[in-house]
Number of protein chains: 2
Amino acid sequence: MGTRESTRTRLLDATDELLLASGDPATPVDRILERAGVSPATLYRAYPSKEALVAAALDRRHAEWQAVWDDAVARAGSERDRLLAVFDALEHFRARATGARWCAFLGTAAAYADPPPVLATAVAQESESLHTRLRTLAEPVAGDRADELAEAVALVFTGALGMRLRPGRAVATADARAVAAVLVDAAAAWDSAAARGTGALGDVPA
Amino acid sequence: MGTRESTRTRLLDATDELLLASGDPATPVDRILERAGVSPATLYRAYPSKEALVAAALDRRHAEWQAVWDDAVARAGSERDRLLAVFDALEHFRARATGARWCAFLGTAAAYADPPPVLATAVAQESESLHTRLRTLAEPVAGDRADELAEAVALVFTGALGMRLRPGRAVATADARAVAAVLVDAAAAWDSAAARGTGALGDVPA
DNA sequence: GTCTATAGTGTGATAGAC
DNA sequence: GTCTATCACACTATAGAC
């Protein structure tokens, strides 16, 4: 399929570094081509459009993220820690060479009021897998209220990413994890209270 | 300084609707000019650049947001509710004619890896005032740990905005408020425990 | 034959002259 | 308010190098 270092790989690397990690949605193709050491013709034989290239880079990034997250879950020693492992994974993921300015997927979603289908799909897949996995990990902790807890953890997780856009107000991953831990423990209390058939502190207002 | 409906106002209105609310950072000037019924020359006599116009629109939006937030705080009946009023304000603010796709300020921050100074300033002002106000409102509830609680509320608030970028996963403002309420109550427990001179449940890890 | 280099096209934008 | 200079971008087409 290619030379020694596939041109596709070089294109994906350049896109990952220049566009996704830097979080500059206006990165022109020329800079990607230059960095990849690839000519325009080669790009457009490999991918039908710039957006398709970006989508492919997002897909690859997603797979890497899943792997990092899996490892973090595997290292965790309790059900509570397995649910919170998403924050440990984030710390590892961010520490890589191509850690993103805030989030490659949300950044792509933010760039388009009406995203091209190929990008909408890439973004939606990450959001879906985030929810599905959190939902699964929340179940042993929160039982019937796993959906609620998964949403709360996703909220804090997404908040930690978004806070990086606020100058001087980025939140340490450990702090976000601690905030989520309070929610996890509260939910665990609801759940065991429910198991005992009583209501508990957090029977939310409206 | 203008005709009957100042051209500046019409430009700001158009920018607010077309660029900030729709959350499309690539909105061209032409569409703004067309909507405002204003000629290019007029724009560039009023503002030195497109970015300066956007910054002015952000500043105006910020002032409106502050007013809505002030009202919500004034309507609240307890210190706890005054801190959580930021979510009531968000609900009101979003319900206006020009409610944003997710957030006009974070959207601007996301659009540029290295924002033009005039925009960086507009964005930073909103983030600063968010923190300062939350910090002040958190003090009666959390005492010494007001900073921590303010950061946690900002985290959930920003998370609620960011979740709107996840297709099908937007979080109801009321749900985000309920999540924040759990954190507020936990912090209040820490604070009163501290007042009694004991440690409490949430003595966070690292 | 896959790739590079380069030149070129169409489009649409910012900015400013008239 | 019209009109235009300049530019940058996505993408294509051609011709040759390894």
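Numbered from 1 within each chain, the chains take letters A, B, ... in sequence-line order.
- In this structure, NZ of A:Lys50 is placed 15 Å from P of D:dT12, rounded to the nearest angstrom.
- In this structure, A:Asp13 and A:Arg60 have side chains that are in contact, with non-hydrogen atoms separated by less than 4.5 Å.
- Within 6.0 Å of atom CD in B:Glu128, more than 12 heavy atoms from other residues, nucleotides or ligands are found, so the atom counts as buried in its surroundings.
- In this structure, CZ on A:Arg82 lies 12.5 Å from CG on A:Asp88, to the nearest 0.5 angstrom.
- With rounding to whole Å, A:Asp30 atom CG is found 13 Å from D:dC7 atom C1'.
- Whole-Å rounding puts the A:Tyr47 OH to D:dT12 P distance at 16 Å.
- Using a 4.0 Å heavy-atom criterion, one finds that A:Pro40 contacts the bases of the nucleic acid, with or without backbone contacts as well.
- The CZ atom of B:Arg31 sits 15 Å away from the C1' atom of C:dT14 (whole-angstrom rounding).
- For A:Leu43 and D:dC11, the CG to P distance is 9 Å, given to the nearest whole Å.
- Put simply, B:Tyr44 has a side-chain N or O that comes within less than 4.0 Å of OP1 or OP2 on C:dA15.
- The separation between B:Leu33 atom CG and C:dT14 atom C1' is 10 Å, rounded to whole Å.
- At C:dC3, one or more side-chain N or O atoms of A:Arg45 fall inside 4.0 Å of OP1 or OP2 (strictly under the cut-off).
- Closest contact between the side chain of A:Ser39 and the listed nucleotides C:dA5, D:dC9, D:dT12 involves C:dA5.
- When distances run from any side-chain atom of A:Arg10 to the nucleotides C:dT4, C:dA15, D:dC11, the shortest one goes to C:dT4.
- Out of C:dT14, C:dA5, C:dT2, the shortest distance to the side chain of A:Ala41 is found at C:dA5.
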request  = Might you work through the salt bridge (Lys or Arg N to Asp or Glu O under 4.0 Å) test for B:Glu151 and B:Arg135, ending with a clear yes or no?
outcome  = CA-CA 8 Å; B:Glu151 185 183 57; B:Arg135 171 74 181 71; over 6 Å; no
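- Rounded to an integer number of Å, the gap from CG of B:Leu11 to P of D:dG1 is 11 Å.
- B:Thr42 comes within 4.0 angstrom of nothing in the nucleic acid, heavy atoms only.
- Atom CD of A:Glu5 is separated from atom P of C:dT4 by 13 Å (rounded to the nearest Å).
- Inter-residue side-chain proximity for B:Arg101 and B:Leu165 is flagged as met; some heavy-atom pair is nearer than 4.5 Å.
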